[in-house]
Structure formats: C-alpha cells, structure tokens
> 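Structure below; questions to follow.
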Amino acid sequence: MRFALSLRPEQLGVLLRAAAAAALVSLAALPARPVAAAETFDIGLATSGARIDALVVDARSASAPTVVLVGGLHGEDASSTAVRGAVAAYEKTRARAVRLFAVPIANPDRVALEFPPTGVAYRERSESHALWRWLGAQAPDLVLVADDDFGLVKALGEHVVADMGRIPARPWSGADDVSAFARVAKSEARAELDARLARSPRQLAEQLAKRYGHDFDQPLYIGAIALIARARLGDVDDVRRLVEPYVDGTKNSLAQPNSLVMAGHIVFTELARRTHDARYVAAVRKVADLGFDASGQMLEAMPYHNEFSDSVFMGTAIVAQAGALTGERKYFDMADRHLRFMEKLDLRPDGLYRHQPATDAAWGRGNAFAALGLALTLSELPRDHPGYAHALQSYRALMAALLPLQTRDGLWRNVVDHPGAYAELSATAMIGFAMLRGLEKGWLHGRDYQRAVDRAWLAVDSRSSSAGTFIDVCESTARMTSLEQYLRRAAILGDDARGGAMAMLFATELMGARAAR
C-alpha cells in the first residue's frame, strides 16, 4: 500500500520544527525525561553518503515500552510525511506512555533493501545494515513499518536481530495511534537488553574472559590487553603460564618486531608489578631499548610507527612503563620525544588525530589509540619530568575534543567527527577507559566527563553479549587514502578478539574504580 497523505501548512510547520530540533545526548537505557520536542539524531549513512536520521520522543516512565515507526523504505514519500506527522502528534500528548522512535526516510537513495541484510556492513547494503543493526541495538518492543515491500516485518519477527533477539513487527497504515501500544509486551530483544544492562562490570568481564585471553601464541597488544584484564580478575597464574615461553627463553618476543608486538609487552609490565619477577622487567626493557642506537643515544622516535596515530599507544606507553619499572630517566625522555614526534605527524589543529598523513580522516580507533596511549603514559611519567606537563595538556585537549562527539547512544563513531558514520564499540571502550582513568587520577574534572564514562559503559555493555559477540567493531585498518575508505571499513557483528579485549579492559577498570569508592 502507498500513502497518499497531505498536510495543512500549519501541520507542515510543526513537522519541520520537529525535524530541525537540536540533537541532545541521552541513552534510551537511562531514566526517561519529558522533552518539549522530538530529538533528531543520525543512525547511519546511505550508499550515496546521505545521512539516515531518526527522531525520538521520550516516555514519561523509564519502564515504558519502546515503539519504532519506520517509513521511507522507498525514499522520501507520503509514508515519510505520515511518520513525521505521527511524531508531531505524539509529542503534544501528555501521557507519553511509550518511548517513540521514528525513522522517516530509511532509504534515501531508493536502493533495493534486504532483511536480514547480507554482505559487508557498511560497505555493501548500507541502508539495510544501518536500519537492521540500529533496531537490534535499540531493542524495541514493537516496530511499525510502512510500505513493507522488502520483508522487514517478517524478518524482524523470525530472526535474531543483531545478536539481541526477535522483535515483533507489523505493517503500519498511518492510522494507528502510537499511544494505543502502551501495553505492548516486552520483546525478546528488550529482555536481552535488560539482562545485559543489569550486569556489573565484573560480570561482563568474567563473561568475556571465558572466550578471550586464553592464548598468547603471538605477543600482540590485543592478546596482551585481554590477559591484563584476566589478571585483574584474579587469573594471574594462568596468565603467567601463557606468557612463560617469552621469559624462559623458549620464544623470542621480538622475533618479528612491529608496533603491535611492542605494545604487546605491556602484559609484562602488569606481571612485573604483580609478581616482582625481574624477568618481566627485562622483557619490557628489551622493547624500550629499541628507541636507542648502539651508543645509547635516543633515536628520532620509537621504531615501527609507520606514521599511524596508533603509535601514540603502541610506542609511547611501553617505553614510559620501562622508565617506571627501572627508574631510568632516559625511558621517560624517550616517551616524551616519541609523543611529540607523533603529534607533529598526526595531530590536527582541531585537537583530533588523523590516522596518518595520507588523509585527514579522524578514524575512531585511531583517536582511541591516542586516548589510551596518553592515559597509560601519564600513569607512568613522574610529575616532575618535563614531559608530564606536555602529556597532560595533550591528554586534556584530546578528551575535550572527543567529549562533544559522543553520540546519543553513548558511543563514538568510526570516523569520530562525521555524522552518520557508524558507532563503533572498540573505540568507545578505549575512550571510555581513558576518560575514566583521567577521573580516577584527577586529570579530568566535572560531571560531563563522568556522564560520558557512564554512557560509554552502558553502550559497551548493551552491545556485548554474554557469549562474547559485539555489535559493530571496526575491522583491522591499515593505510587508507580517503575519508570514504574509512567510512566503509567493515563493521563486525559477532565475535572479535579486539573488541573483547577493549571491552574487558574498560570493564575491569570500572570494576576497580567502583571497588575503590
């Protein structure tokens, strides 16, 4: 059925004002609050790069059911007008017995849609993946779909949506009053979301630890971070067993040196502090010494950086840790030199990091690596070292640049400053960790940062299943040469070791912070 709907001028004015409402930051999972107008926010990009936007009108009660209206599956048409009209009418009501989301134009480019979508998200079938995964993450109790020629209603009811659960759906003619769905039953997806949000940080970390952090065949940073999280959970003996070949001479941890391997040595710092075993200190020193020539002079920077902003973490933190473990100032000096070197390469005038000089794109995990590296480095540098003040200023500037870019749902995008770019889990966990560390250490102050950390935790928690699967972790990313290439990096839905490690790191940091209160 096609809509044939016309609006009076005064009605159109209401809809236009609603569509232009300023985007505010809040989570559906947080207590609902009354608002004067619908909020507008982005949920994805069409194939052409056009934004796909949604509207929300919060309910009066946090326990209210969630209903989503979907229109514009064939592009801007009468169904889009009907959806906007329904939102405008609902925001005038006083009861607001449901939390209403609406997507007026789900398919701006009028491409063929497929549900459940196939292909690589969001490189292929962008519109289908964006809508499907966003619906899964929101976990509504009911979806109302206009002009459903693509089988969305059937797919939502028959398939698990984005690893969350099935969602009841029905066709929508435009005549249904949204308030009539106030008594709709909780969906399978909503029940799953509620169960996830009920977890403590320790519970999530323990669930993920069943799947991640059980091998160290290659001494890379991903495995190292998962092992650090497991050590924080009390599994120190097993972590020691896994890394033993690299300290007993069986394996050479620098047999194939690169930045990922250098950063992988942070697990030895963790173990050195927990066990006071000098072999772990020697392993960290071995990496730090790569920053010096045969005569002991500092190099221009730590090696293997390849100009990537990743190296603010991979090259800086480990050498700062060597300084803290050994007490040798030269390592702190090298950490300071390397940070300044990377800033000259990749720090943009707006305070964000380009991933590397070939393009100015502010890749999400590229900025998250910088955030993580600065937080870990500051944790090691002595306050009286000249590099401390500079690192602190750099850290605060990056946190200030990232703070307003957090999405309504508490995440940071895969290209952090590009509205419509998909919200990405690993960067969110890393930035959340970095901000939390800053609050713990007194580097950051204020409710805005605490709220950002709280919202980041809810976002990571809600998008992480007990089986260790995630919604939207960016694939491994090397030297891209255009913004478009970063925007179209594959978004993983399922298990992912990197996502698991970063979620565990964030969860265990929160676990420790809450225990200290």
Side-chain angles (χ1 to χ4, degrees), residues 26-32 43 56 59 61-66 68 99 101 132-143 156 159-168 185-213 226 229 233 406-412 422-433 436 451-473 491-511 513-514:
S26 66
L27 273 174
L30 293 173
I43 66 170
V56 62
S61 169
S63 61
T66 298
V68 178
R99 178 182 297 107
F101 286 100
W132 185 260
R133 295 191 184 186
W134 177 78
L135 287 170
Q138 299 304 317
D141 299 295
L142 177 67
V143 178
L156 289 170
H159 296 270
V160 173
V161 185
D163 278 353
M164 293 296 289
R166 292 171 296 180
I167 303 171
K186 181 181 291 188
S187 70
E188 185 177 288
R190 173 60 55 174
E192 170 65 16
L193 178 59
D194 288 348
R196 294 183 184 189
L197 292 175
R199 297 178 295 198
S200 67
R202 174 176 282 277
Q203 287 171 325
L204 175 59
E206 288 175 342
Q207 289 174 352
L208 297 180
K210 294 177 182 178
R211 184 161 194 165
Y212 302 108
L233 290 170
Q406 191 177 27
T407 71
R408 181 186 189 276
D409 285 342
L411 296 109
W412 278 271
Y422 68 85
E424 203 273 332
L425 185 135
S426 68
T428 298
M430 295 160 74
I431 295 169
F433 168 91
L436 176 59
R451 177 171 166 77
V453 170
D454 292 343
R455 294 172 63 241
W457 161 246
L458 288 175
V460 170
D461 189 28
S462 67
R463 286 160 176 77
S464 304
S465 77
S466 60
T469 62
F470 309 97
I471 299 176
D472 289 351
V473 178
I492 297 164
L493 173 64
D495 63 298
D496 181 78
R498 183 183 289 102
M502 297 308 178
M504 291 167 69
L505 182 69
F506 187 22
T508 53
E509 187 78 2
L510 271 167
M511 184 180 79
R514 293 183 179 183

> For residues Thr66 and Arg99, is any side-chain donor paired with an opposing acceptor at under 3.5 Å?
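Yes, Arg99 and Thr66 have a side-chain donor paired with an acceptor closer than 3.5 Å.
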
> Test side chain to side chain contact (heavy atoms under 4.5 Å, CB included) on Trp412 and Leu425 and set out the steps.
CA-CA 8 Å; Trp412 278 271; Leu425 185 135; over 6 Å; no

> Would you say Asp163 and Thr469 are linked by a side-chain donor-acceptor pair, where the criterion is simply a distance under 3.5 Å?
yes

> Look only at the side chain of Arg190 and the backbone of Ala139, and say whether a donor-acceptor pair between them is shorter than 3.5 Å.
yes

> Could you go step by step and tell me if Asp495 and Arg211 meet the salt bridge (Lys or Arg N to Asp or Glu O under 4.0 Å) rule?
CA-CA 9 Å; Asp495 63 298; Arg211 184 161 194 165; 3.6 Å; yes

> Which heavy atom in Ala501 sits nearest to a heavy atom in Ala226, and how many Å separate them?
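Heavy atoms of Ala501 and Ala226 come nearest at CB-N, 3.9 Å.
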
> Rounded to the nearest 0.5 Å, how far does CD1 of Ile471 lie from CG of Asp496?
13.5 Å

> Calculate, to the nearest 0.5 Å, the distance between atoms CD1 and CD belonging to Ile167 and Gln138 respectively.
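Taking CD1 in Ile167 and CD in Gln138, the distance rounds to 9.5 Å.
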
> Minimum heavy-atom separation for Ala507 to Trp457, with atom names?
CB-CZ3, 4.0 Å

> Could you measure the distance from the CG atom of Leu208 to the CG atom of Leu233? Nearest 0.5 Å is fine.
9.5 Å

> For a 4.5 angstrom cut-off between non-hydrogen side-chain atoms, does Ile492 reach Asp472?
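Not touching, per the 4.5 Å side-chain cut-off.
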
> If you define the side chain from C-beta out and look only at heavy atoms, does anything of Leu204 sit under 4.5 Å from Ser464?
yes

> Dump the intermediate steps for side chain to side chain contact (heavy atoms under 4.5 Å, CB included) on Glu424 and Leu411, then the final yes or no.
CA-CA 7 Å; Glu424 203 273 332; Leu411 296 109; over 6 Å; no

> Between atom CZ of Arg166 and atom NE2 of His159, what is the distance when rounded to the nearest 0.5 Å?
10.5 Å

> For Pro140 and Ser187, work out which heavy atoms get closest and say how close.
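The pair with the smallest heavy-atom distance is O-OG, 2.7 Å.
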
> Please tell me if the side chains of Thr428 and Arg463 come closer than 4.5 Å, counting only heavy atoms from C-beta onward.
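When only atoms from C-beta onward are counted, Arg463 and Thr428 do not touch, as no gap falls below 4.5 Å.
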
> Determine whether Thr508 and Arg202 satisfy the following criterion, side chain to side chain contact (heavy atoms under 4.5 Å, CB included), listing intermediate values before the conclusion.
CA-CA 6 Å; Thr508 53; Arg202 174 176 282 277; over 6 Å; no

> Are Val453 and Phe433 close enough that some pair of their side-chain heavy atoms sits under 4.5 Å apart?
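With C-beta onward as the side chain, the pair stays apart.
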
> Is the closest side-chain heavy-atom distance between Leu458 and Leu197 below 4.5 Å?
yes

> Could you measure the distance from the CZ atom of Phe470 to the CG atom of Leu493? Nearest 0.5 Å is fine.
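Nearest 0.5 Å value for the CZ-CG distance: 11.0 Å.
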
> Is the side chain of Arg498 donor-acceptor paired with the backbone N or O of Ser426 at a distance under 3.5 Å, no angle test?
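Looks like no, no N/O pair under 3.5 Å.
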
> Which value, rounded to the nearest 0.5 Å, describes the distance between Ile43 atom CD1 and Leu135 atom CG?
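Taking CD1 in Ile43 and CG in Leu135, the distance rounds to 7.0 Å.
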
> Could you tell me which non-hydrogen atom of Ala162 sits nearest to which non-hydrogen atom of Gly136, and how far apart they are?
CB-CA, 4.0 Å

> Which pair of heavy atoms, one from Gly165 and one from Ala189, lies closest together, and at what distance?
O-CB, 3.8 Å

> Checking Phe101 against Trp134 for the side chain to side chain contact (heavy atoms under 4.5 Å, CB included) test, could you report, in this order, the C-alpha distance in whole Å, the side-chain angles of both residues, the deciding distance, and whether it holds?
CA-CA 11 Å; Phe101 286 100; Trp134 177 78; 3.8 Å; yes

> Short question: side chain of Tyr212, backbone of Gly468 - any donor-acceptor pair under 3.5 Å?
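Yes, Tyr212 side chain to Gly468 backbone: donor-acceptor pair under 3.5 Å.
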
> Test: salt bridge (charged side-chain N to carboxylate O under 4.0 Å, His left out). Region: residues 191-200. Which pairs qualify, not counting sequence neighbours?
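Checked against salt bridge (charged side-chain N to carboxylate O under 4.0 Å, His left out) - neighbours excluded - the pairs reaching residues 191-200 are Lys186-Asp194, Glu192-Arg196, Arg199-Asp461.
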
